[in-house]
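Residues: numbered from 1 along the sequence shown.
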Amino acid sequence: MKQRFFSFLGFLLFSGLSSSIFYAGLYLLSSYQKYNSVVVYSIWSIFAILFPLFFMPYALMLIPAFIQGRSISSKSGKILIRISLFFLAATLIGMISFSIIFKNTLKNRGYIECQGVPSGWTPGMATKYTLDISNCNK
């Protein structure tokens, strides 16, 4: 009974975390599509959108534990881990591809890449683009 309870809590945690990160990524992606005069771009927004693809197989491993009261078979576990690793590789390819395409789109629209770290971001996590160089210092 204890294993079922904690497995269910783990499943809820994994599912909730995946959903929250997904919606945060969607919010960032929707802000990119507005092409405001200042755009703060982070490659991690694509990671956030695709995060559930490679994270949910781990949540699925908990389903037999809280439904049947036993752990997942090692064969099923290996399959889910392979699926997760495949989606991780696909996520990395998607992040790089989108980044190249989006940065080219910004440059074609006349955006200038600002130097430094955008306000509120950790160094190396985002880049600020603007249509007017004077916005870089704000």
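Lys128 places no side-chain N or O within donor-acceptor distance of the main-chain N or O of Gly116, the cut-off being under 3.5 Å. In terms of modelled atom types and a separation under 3.5 Å, the side chain of Ser15 and the main chain of Leu12 share no donor-acceptor contact. With hydrogens and angles ignored, the 3.5 Å screen pairs no side-chain donor or acceptor of Ser7 with any backbone N or O of Pro64.
Hydrophobic clustering, with ILVMFWY side chains joined whenever heavy atoms are under 4.5 angstrom apart, groups Leu88 together with Leu17. Connection of Met56 to Ile21 is not established within any shared hydrophobic cluster, with ILVMFWY side chains joined at heavy-atom distances below 4.5 Å, either directly or through further cluster members. Transitive grouping of hydrophobic side chains (ILVMFWY, heavy atoms separated by less than 4.5 Å) keeps Leu13 and Phe55 in distinct clusters. Cluster annotation: Leu92 and Phe22 are assigned to the same hydrophobic cluster (Ile/Leu/Val/Met/Phe/Trp/Tyr, side-chain heavy-atom contacts under 4.5 Å, transitive). Under a hydrophobic clustering in which Ile, Leu, Val, Met, Phe, Trp and Tyr are joined whenever their side-chain heavy atoms come within less than 4.5 Å, directly or via other members, Leu85 and Ile72 fall into the same cluster.
Of the N and O atoms on the side chains of Ser134 and Asp132, at least one donor lies less than 3.5 Å from an acceptor on the other residue.
By the neighbour-count criterion of 12 heavy atoms within 6.0 Å, atom CD of Gln68 is densely surrounded, having more than that number from other residues, nucleotides or ligands. In the displayed structure, Tyr35 atom OH is contacted under 6.0 Å by more than 12 heavy atoms of other residues, nucleotides or ligands.
Atom CZ of Arg4 sits about 14.5 Å away from atom CG of Leu9, to the nearest 0.5 Å. From Ser42, atom OG reaches atom CG of Leu29 across 11.5 Å, with rounding to the nearest 0.5 Å. With rounding to the nearest 0.5 angstrom, the CD1 atom of Ile83 is 7.0 Å from the CZ atom of Phe87. The distance from the CD1 atom of Ile93 to the CD1 atom of Ile46 is 14.5 Å, given to the nearest 0.5 Å. Interatomic distance, CD1 of Ile79 versus CG of Leu60, reported as 12.5 Å (0.5 Å rounding). Taking CG from Leu80 and CD1 from Ile63, the interatomic distance works out to 9.0 Å, rounded to the nearest 0.5 Å.
With sequence neighbours excluded, the residues that form a side chain to side chain contact (heavy atoms under 4.5 Å, CB included) with Ser99 are Tyr41, Ile43, Lys103. Listed by chain and residue number, Phe66 satisfy the ring-ring contact (aromatic ring centres under 6.0 Å, His included) test with Phe11 (two or more places apart in sequence, or in another chain). Looking at residues two or more places apart in sequence or on another chain, you find a ring-ring contact (aromatic ring centres under 6.0 Å, His included) between Phe47 and Trp44, Phe51, Phe54. A search for side chain to side chain contact (heavy atoms under 4.5 Å, CB included) contacts involving Ser20 returns nothing, not counting sequence neighbours.
Looking at Leu131 and Ile112, their side chains never come closer than 4.5 Å, going by heavy atoms from C-beta outward. Met61 is listed as a side-chain neighbour of Ile81, based on a closest heavy-atom distance under 4.5 Å.
Closest approach of Thr130 to Cys136, counting heavy atoms only: CG2-SG, 3.5 Å. Heavy-atom minimum distance, Leu62 versus Gly10: CD1-C, 3.5 Å.
Within the structure, side-chain hydrogen bond (donor to acceptor under 3.5 Å, both in side chains) contacts touching residues 76-91 (residues at least two apart or in different chains) are Tyr58-Ser84, Ser73-Ser76. Screening residues 111-134 for ring-ring contact (aromatic ring centres under 6.0 Å, His included), with sequence neighbours left out, gives no hits.
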Could you walk me through whether Val40 and Thr127 satisfy the side-chain contact (heavy atoms from CB on, under 4.5 Å) test, starting with their C-alpha distance in whole Å, then the side-chain angles of each, then the deciding distance to 0.1 Å, before giving a yes or no? CA-CA 6 Å; Val40 178; Thr127 306; over 6 Å; no
